[in-house]
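Notes follow the structure.
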2 protein chains.
Amino acid sequence: MATPTQPIPAEPAKLDAREVRAWRGLMRVHATLSKALDAELEAAHDLPLTSYEVLMHVADAEGERMRMCELAESILLSRSGLTRLIDRLERDGLVCRTTCSSDARGAFACLTPAGRAKLDAARATHLAGVRRLFLQHFGPEEQEVLASFWERVLPGAASTHCR
Amino acid sequence: MATPTQPIPAEPAKLDAREVRAWRGLMRVHATLSKALDAELEAAHDLPLTSYEVLMHVADAEGERMRMCELAESILLSRSGLTRLIDRLERDGLVCRTTCSSDARGAFACLTPAGRAKLDAARATHLAGVRRLFLQHFGPEEQEVLASFWERVLPGAASTHCR
DNA sequence: GCAGCGTCGTTGCACGCGCAAGGAGTCGAC
DNA sequence: GTCGACTCCTTGCGCGTGCAACGACGCTGC
């Protein structure tokens, strides 16, 4: 009796084929799509994907401006990373910095007319890419399934330090 | 008649809420999980995730060795990127380079005993992380659904230049 | 043999990012 | 008021990566 060699361990030492396909598929899809979309956007509008994300989030914010730290969180970038990114975008005239009247420490990134024009032009390219490379493959109910999957995963992964 | 303002364009200028959740969820899940897994692996074994991927692929290859270009493709890295990565792993004694007898241009990356030991130690950490942060949330048939989703997306995305 | 062309891996360079440290400002306790 | 602890953004530095260029080699046709 007892457990001589534990024939079916609770946590096998390897992923089975199905698990590998589900997990590595995710990694590959992300890597492939983000590279493709970035290249598309850069070729068509000379705009890196991260810059596009900044413009998009700022444009969607009310007053077309966002606090730096809030923006960094939205696009999953460190604060220093965002500082340089906004530096570049400001140099290119797509956003400008504004001081925050209620908190002198803070800064807003706000859209310039050129930034809005750039975004309007780039949005069509990006959306078409996302649809063609990704959304097109899923029906509405499948998109709903995907969305619900992500909402299962994200709460537990958001803060890794806990548990 | 004609189309005065085109009330329901075939390609709306924005993603609807469901599309956003399906698409941005994917991006966020990838970013969050890959950061968390990388941090975990680095904390427990002082091994970056990309290095782990190299060790894993080499270990799974027959003879525990792989050609550089093949390896680069497996982990979605450029050739130059892989050259430096193997430089680091070789410096740390985890892999070694071997010349290819049938093609003097080529080089093999092959596992050292230290590399195999490192991998064996790290594998448990990584697998536990993948299960806890991702696979745990899905039943077998849901994993199958995910896998089939990725297999739909990947063929069209693999080569962006076509179409 | 020996061109010519393609492939394999490496190197110079520049870029984007994170971490740690720092200045400036805010807030609360006393 | 002012001291200490915190937050916000920026800067110095190092790291990992891709692109373009390069040398070495293989392959084909002549």
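- Taking atom CG on B:Leu76 and atom C1' on D:dG16, their separation rounds to 16 Å, with Å as the unit.
- Between the C1' atom of D:dC13 and the CZ atom of A:Arg84 lies a distance of 9 Å, rounded to the nearest Å.
- Two residues are said to be in side-chain contact when any heavy atoms from C-beta on lie closer than 4.5 Å; B:Trp23 and A:Leu127 fail this criterion.
- A:Leu77 comes within 4.0 angstrom of the backbone, heavy atoms only, and of no base.
- Whole-Å rounding puts the A:Ile86 CD1 to C:dC17 P distance at 11 Å.
- Note: CG (A:Leu47) to P (C:dC15) measures 17 Å, nearest angstrom.
- Classified by interplanar angle (parallel below 30°, tilted 30° to 60°, perpendicular above 60°), the ring pair B:His30/A:His30 is parallel.
- Per the geometry, CG belonging to A:Leu82 stands 12 Å off C1' belonging to D:dC8, to the nearest Å.
- Residue A:Thr83 places its side chain closer to D:dC9 than to any other of C:dT11, D:dC9, C:dT26.
- In this structure, the CG atom of B:Asp38 is 12 Å from the P atom of C:dG18, given to the nearest Å.
- A salt bridge links B:Asp120 with B:Arg116: the distance from a Lys NZ or Arg NE/NH1/NH2 to an Asp or Glu carboxylate oxygen falls below 4.0 Å.
- Evaluation of atom-type donor-acceptor distances gives a pair under 3.5 Å for the side chain of B:Ser80 against the base of D:dC19.
- The B:Met68 side chain lies nearest to C:dG9 when the options are D:dG18, D:dC9, C:dG9.
- Comparing A:Arg105 and A:Arg88 by the nucleotide of DNA chain C whose heavy atom lies nearest to each, the residue mapping closer to the 5' end is A:Arg88.
- Whole-Å rounding puts the B:Glu42 CD to C:dC19 P distance at 10 Å.
- Comparing A:Lys35 and A:Gly106 against DNA chain D, the residue whose closest nucleotide sits nearer the 5' end is A:Gly106.
- For the pair A:Asp92 and A:Arg88, the salt-bridge criterion is not met [side-chain N within less than 4.0 Å of a carboxylate O].
- With hydrogens and angles disregarded, no donor-acceptor distance shorter than 3.5 Å links the side chain of A:Arg65 to the backbone of A:Phe108.
- The residue A:Asp87 sits apart from the nucleic acid: no heavy atom pair falls under 4.0 Å.
- Computed from coordinates, the B:Arg79 CZ to D:dC22 P distance equals 18 Å when rounded to whole Å.
- Distances from the side chain of A:Arg97 to the nucleotides D:dT17, D:dC9, C:dT10 place D:dC9 closest.
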